[in-house]
Amino acid sequence: EIIEQPRAVKATMAGRIKNNEIVFENDLSFLKGVNKIVITACGSAYHTGVVAKYVFEELLRIPVEVDLASEFRYRNPIVDEHTLVIIISQSGETADTLAALKEAKSRGAHILSIVNVVGSSIAKASDDVIYTWAGPEIAVATTKAYSTQLIVLYLFAIYAADKLGSADSKLLDTLLDEIRELPKKVESIFAMEDKLKTLAKEHYEMKSVFFIGRNIDYAVAMEGSLKLKEISYLNSEAYAAGELKHGTISLIEEGRMVIALSYYEELLDKMMSNIKEVKARGAFVLATAPEGNAAVGKEANEVLYLPKVHPLLLASVEVVPLQIFSYYVALYNGCD
């Protein structure tokens with residue numbers, strides 16, 4: 001299913017980009033009355049929502065909240081008829097997410113769901129649905145659902161920004177052109193499988209791993225950490241890199257692996273400082289970076305150089321090597 005991602009991403013785009021315009025099968029005219037967006041989901045779907053917060057706020061200039069559905073359903077959320085609630089679920093049957101949907105709907109919010117399974121409970125209960133067309137998922141640990149949910153969120157953000165006039169049209173055109181190239185760029189990452197396999201073989205006996213990042217890198221760190229713990233049963237935690245100094249740094253000791261997601265170049269200087277910080281305590285640093293970025297290689301022990309994409313789209317390429325690495329760590333640990 002990791003290897004199916006270029007095909008799945010293409011399927012999600014199919015029919016939705018025509019003559020350099022985004023086309024949805026839904027009537028999304030309600031967007032003009034929206035003054036707040038709430039995204040709610042569980043697990044990996046929640047992590048795509050965290051990525052979307054950065055993208056939406058940049059392009060739409062509308063405040064965005066991201067809530068775990070299991071928390072949203074048990075509080076008194078502030079949503080009304082001017083709130084768009086985006087529900088994300090692979091199966092469309094996630095109990096906490098369905099309960100969050102019903103809670104938001106009872107308060108008058110407009111419900112847009114992003115799901116994979118046609119006719120699922122969440123799809124039926126929503127005002128609008130955008131299907132991901134990821135194809136059947138056999139593995140419980142999601143890979144292609146995460147990647148296809150990102151594509152839907154990107155396309156929706158560009159579409160909404162165009163309709164609302166909230167972003168520069170040249171930027172939107174650039175993003176759309178780059179989204180078209182994502183399947184090829186994701187496929188190119190498979191060439192580093194041998195390197196990831198070797199790294200996994202060298203480090204699979206580690207007891208604990210830390211993922212760190214800033215901005216969208218942090219959102220991807222959350223998903224990378226979840227994948228590793230979910231299939232290898234290792235203790236793995238994701239932290240916003242700037243939070244290390246608030247206690248977490250005490251857990252970094254000699255030989256501890258720290259996976260430093262350093263693709264977001266605008267904050268590279270900050271990340272370099274964090275990498276130096278953990279290395280000073282003896283950490284082994286595996287970093288990500290865009291191709292051609294030599295600075296990270298001077299500090300990290302190993303660097304995964306990834307194809308260049310617009311910073312708002314970086315999650316689509318950065319998550320893939322983390323999935324492959326997790327797969328091999330699990331394999332070498334004898335996990336099913």
Side-chain angles (χ1 to χ4, degrees), residues 1-6 8-9 41-52 66 68 88-91 94 116 132 134-151 153 182 186-187 189-190 192-213 216-241 256-263 284-288 302 304 306 314-336:
E1 287 176 15
I2 293 171
I3 293 167
E4 284 179 21
Q5 284 176 114
V9 164
C42 298
S44 294
Y46 169 77
H47 296 156
T48 66
V50 179
V51 173
V66 190
L68 288 162
I88 310 173
S89 169
Q90 189 281 135
S91 66
T94 315
N116 189 38
T132 56
E137 278 201 304
I138 308 307
V140 172
T142 185
T143 51
K144 63 186 182 183
Y146 175 92
S147 292
T148 54
Q149 285 163 3
L150 284 179
I151 297 297
L153 289 161
L182 284 176
V186 169
E187 193 154 10
I189 295 166
F190 299 146
M192 66 173 64
E193 184 177 351
D194 286 345
K195 178 174 183 173
L196 290 160
K197 186 175 181 180
T198 299
L199 283 165
K201 193 168 188 178
E202 290 169 352
H203 297 278
Y204 75 94
E205 292 180 304
M206 55 195 170
K207 302 297 180 194
S208 184
V209 187
F210 291 96
F211 286 73
I212 60 172
I216 295 179
D217 281 332
Y218 170 51
V220 182
M222 294 165 72
E223 176 61 12
S225 176
L226 177 61
K227 278 295 147 289
L228 186 61
K229 74 177 78 171
E230 192 175 13
I231 64 170
S232 73
Y233 308 111
L234 293 175
N235 179 55
S236 173
E237 298 298 332
Y239 287 93
R256 174 82 70 230
M257 177 175 267
V258 174
I259 298 180
L261 304 188
S262 313
Y263 196 106
F284 177 93
V285 177
L286 171 62
T288 60
E302 291 282 353
L304 304 174
L306 302 171
L314 71 84
S316 288
V317 296
E318 195 168 45
V319 75
V320 178
L322 306 181
Q323 295 168 344
I324 298 168
F325 178 71
S326 298
Y327 169 80
Y328 281 111
V329 170
L331 201 66
Y332 286 123
N333 273 297
C335 300
D336 185 347

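- Checked by atom type and distance alone, the side chain of Asn333 pairs as donor or acceptor with a backbone atom of Tyr204 at under 3.5 Å.
- Inter-residue side-chain proximity for Leu306 and Met192 is flagged as met; some heavy-atom pair is nearer than 4.5 Å.
- Of all non-hydrogen atoms in Ile88 and Ala45, the two that sit nearest each other are O-CB, 3.6 Å.
- Glu1 places a side-chain N or O within 3.5 Å of a backbone atom of Ala139 that can act as its donor or acceptor partner.
- Looking at Thr198, its side chain does come within 3.5 Å of a backbone N or O of Asp194 through a donor-acceptor pair.
- Defined by atom type and a distance below 3.5 Å, a donor-acceptor pair is missing between the side-chain atoms of Ser236 and Lys227.
- In Phe210, the CZ atom is crowded: over 12 heavy atoms of neighbouring residues, nucleotides or ligands sit closer than 6.0 Å.
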Stepwise, does the side-chain contact (heavy atoms from CB on, under 4.5 Å) test hold for Leu261 with Leu322?
CA-CA 10 Å; Leu261 304 188; Leu322 306 181; 4.1 Å; yes
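- Side-chain contact between Val9 and Val186 is absent, with no heavy-atom pair separated by less than 4.5 Å.
- Side chain to side chain, Thr142 and Glu137 meet the donor-acceptor criterion of an N or O pair below 3.5 Å.
- Judged purely by atom type and a 3.5 angstrom limit, Asp217 has no side-chain atom pairing as donor or acceptor with the backbone of Ile212.
- For the residue pair Thr132 / Gln149, no side-chain donor-acceptor distance below 3.5 Å is found, with atom types taken as modelled.
- Between the side chain of Lys144 and the backbone N or O of Pro136 there is at least one donor-acceptor pair closer than 3.5 Å.
- The only member of Glu193, Lys197, His203 that meets side-chain hydrogen bond (donor to acceptor under 3.5 Å, both in side chains) when paired with Tyr328 is Glu193.
- Within a 6.0 Å sphere centred on NZ of Lys195, heavy atoms belonging to other residues, nucleotides or ligands number more than 12.
- With hydrogens and angles ignored, the 3.5 Å screen pairs a side-chain donor or acceptor of Gln5 with a backbone N or O of Ile2.
- Checking Thr288 against Glu318 by side-chain atom types alone, a donor-acceptor pair falls below 3.5 Å.
- Within a 6.0 Å sphere centred on NZ of Lys229, heavy atoms belonging to other residues, nucleotides or ligands number more than 12.
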